[in-house]
*Asks:* 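Starting off with a structure, shown below.
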Amino acid sequence: MLDPRSVRTDPDTVRASQAARGADPTVVDRYLDIDAARREAIGRYEQLRAEQKQLGKRIGPAQGALKRADEADRRARQDEVDALLTQAAGLAEQVKAAEAQAADLQQQLDVIALDLDNVVDPAAPVGGEEDFVVLAEVGHPRDFPTEGFTPRDHLEIGARLRAIDVERGAKVSGSRFFYLTGDGALLEIALLNLAISLATGNGLTPVIPPALVNPAAMEATGFLGQAAENVYHLADDDMYLVGTAEVPLAGYHGDEIIPAGDLPLRYVGFSPCFRREAGSHGRDTRGIIRVHQFDKVEMFTYCAPEDAVAEHEQLLRWQREFLDLLEIPYRVIDVATGDLGASAARKFDIEAWIPTQGRYREVTSTSNCTTFQSRRLNIRLRSGEGTVAPLATLNGTLVAMPRVIVALLENHQTRDGDVRVPPALRPFLGGREALTAP
RNA sequence: GGAGGGGUGCCGGAGUGGUUGAACGGGGCGGUCUCGAAAACCGUUGUGCGGGUAACCCCUGUACCGAGGGUUCGAAUCCCUCCCCCUCCGCCA
């Protein structure tokens, strides 16, 4: 949600942002029209309401006077009370109508406000999905022909190691489900432990959040908008399965006012993630690149708006450090405006090199949501001067298990199909230097 | 799942229809006193929205006593629905 005041005072910026996203800029003008009508309606209602309260204050005493009145006075007193009540009844009707009108316009504004995405960061590259800018390339993809063998894909390696089982995943749950078994399961646990130990070492608070949330939490984090078709909904209970720990981590401080001195608040959550993957039929059908359920370690920060850009860079640094430790070649891209989520002002993705695909695939993503998300969640900060203001929220993947496992298996495979364990991960795998077939 | 109790401001806790945004206590903040501190005393203490302002402070109006409806001239107070919390029983990782 944008600040209504800033939309009012600086509509051109919002229009330009909408255009950069490939979204409809004329929403701004409809928004402004409704906002103007709303403010007028509120004024009308409040004035009538003030009159009603003034009048109401005279009724009590008048009725008291009637009760105490003697015979001679009774008639006059009764007339006075009746007159007041008649007047008040008429006013009450007007108040009710004015209130309904104001409420209706407020609701209209709330609805259209959902069509206004966050204002993009001027630093973000303008364009569509293909218009990203590569910020860095790290490591070198291996030259398998020179090494003298053809790389196996993660599914083949996973089957050989008895680490990944998609057939049984399909048998029990359906397509896009999988089992991690043996070293596969141990690998995820090792990645989890490495990630959490790094994150806590950096001062983040570890959190294991609920993965099932109510509609308000889902709505406030923006996942019931364009992304709604990818969200699992439990109709009997009207609950949602989260697609990321961002949802419960963002909702955690909902409706709170946080002292500025407590900021930044940094969390690292571990949760299962559920995604319907509607509209991606036929894409990434082989292996575990795109699945309906996976585990993820996600960082989440609440900070002062002026610190958000620096915080965004910090999250990106932590993400890079993790992949550096895993010795996976990757590149960092600055995602273009047209490919940003509705709540992100800027987004960096890290894409890992996948040898058998001969290309980079997204493994992490970090978004600066500025004050957009906190407005919907009603999270604010209290400054030293005692004033309250919205704060910024940012999120970033530390490790999305399946894709990192894919990258790890494929990039570190040996000629005979074993997998070298990068040194940083060894302490979490009992010191083992390689994963080998059982 | 069954039975009962309860949701009021930063916290505790009053308040059953009319100057109640809300008594009282605690806490916080400011001040007096003190070399300083404590104690004591005095004062102050929310948020959203609209208007006065382009904006802050400020002034003013209005809304907010779990949420949403209703009754009424008027609702924290009465009615309905829902949500949440607590206690006991049952079931259960």
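The analysis underlying the following values was restricted to heavy atoms, covering all of them including side chains, and did not include hydrogens, waters or symmetry mates. Everything quoted here is computed from the prediction, not taken from an experiment. Letters A, B, ... are given to chains in the order of the sequence lines, protein chains preceding strands, and every chain is numbered from 1.
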*Asks:* Report all interatomic pairs (protein N or O, nucleotide N or O of nucleotides 44-47 of chain B) with separations under 3.5 Å.
*Replies:*
{"unit_1": "B/U47", "atom_1": "OP1", "unit_2": "A/R382", "atom_2": "NH1", "d": "3.1"}
{"unit_1": "B/U47", "atom_1": "O3'", "unit_2": "A/R380", "atom_2": "NH1", "d": "2.8"}
{"unit_1": "B/U47", "atom_1": "O2'", "unit_2": "A/R380", "atom_2": "NH1", "d": "3.2"}

*Asks:* Expressed as a whole number of Å, how far does the P atom of B/G17 sit from that of B/U77?
*Replies:*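 Between the two P atoms, the distance is 12 Å.
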*Asks:* With C1' as the reference atom in both, quote the distance from B/A22 to B/C64 in angstrom, rounded to an integer.
*Replies:* 12 Å
*Asks:* Just N and O in the side chain of A/R39: are any of them under 4.0 Å from OP1 or OP2 of B/C49?
*Replies:* no
*Asks:* Can you tell me, in whole Å, how much space there is between the P of B/G21 and that of B/A76?
*Replies:*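 Straight-line distance between the two P atoms is 8 Å.
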*Asks:* If I pick the C1' atom on B/C24 and the same atom on B/G31, what distance separates them, to the nearest angstrom?
*Replies:*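 Straight-line distance between the two C1' atoms is 23 Å.
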*Asks:* If you measure from the C1' atom in B/G1 to the same atom in B/A63, how many Å do you get, rounded?
*Replies:* 40 Å
*Asks:* In whole Å, I'd like the distance from the CG atom of A/L48 to the P atom of B/G51.
*Replies:*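 In whole Å, B/G51 P and A/L48 CG are 16 Å from each other.
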*Asks:* Between B/U60 and B/C65, how far apart are the P atoms? Round to whole Å, please.
*Replies:* 23 Å
*Asks:* Write down the distance between CZ (A/R8) and C1' (B/A55), rounded to a whole number of angstrom.
*Replies:*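 My rounded result for the distance is 13 Å.
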*Asks:* Starting at the 5' end of RNA chain B, which residue's closest nucleotide do you reach first, A/K57 or A/Q106?
*Replies:*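 Checking each residue's closest nucleotide, the 5'-ward one belongs to A/K57.
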*Asks:* Going 5' to 3' along nucleotides 62-83 of chain B, which nucleotides have protein heavy atoms under 4.0 Å from the base (write B), which only from the sugar-phosphate (write S), and which from neither (write -)?
*Replies:* BS-------S-BS---------
*Asks:* Is any side-chain heavy atom of A/L187 closer than 4.5 Å to a side-chain heavy atom of A/M401?
*Replies:*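 No, their side chains stay 4.5 Å or more apart.
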*Asks:* So, for A/L234 and A/L212, which heavy atoms are closest and what is the spacing to 0.1 Å?
*Replies:*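 In terms of heavy atoms, the two residues are closest at CD1-CD1, 3.7 Å.
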*Asks:* In sequence, state the C-alpha distance, the side-chain angles, and the governing distance for A/R49 and A/Q52, and then conclude on side-chain hydrogen bond (donor to acceptor under 3.5 Å, both in side chains).
*Replies:* CA-CA 5 Å; A/R49 179 65 177 152; A/Q52 183 186 35; 2.7 Å; yes
*Asks:* Under a 3.5 Å cutoff on both atom distances, Watson-Crick or G-U, what's the dot-bracket for RNA chain B ([ ] crossing, | other strand)?
*Replies:* ((((((((.[[[..)..(.....]]]((((((.......))))))(((((((.....))))))).[[[[[..)....]]]]])))))))....
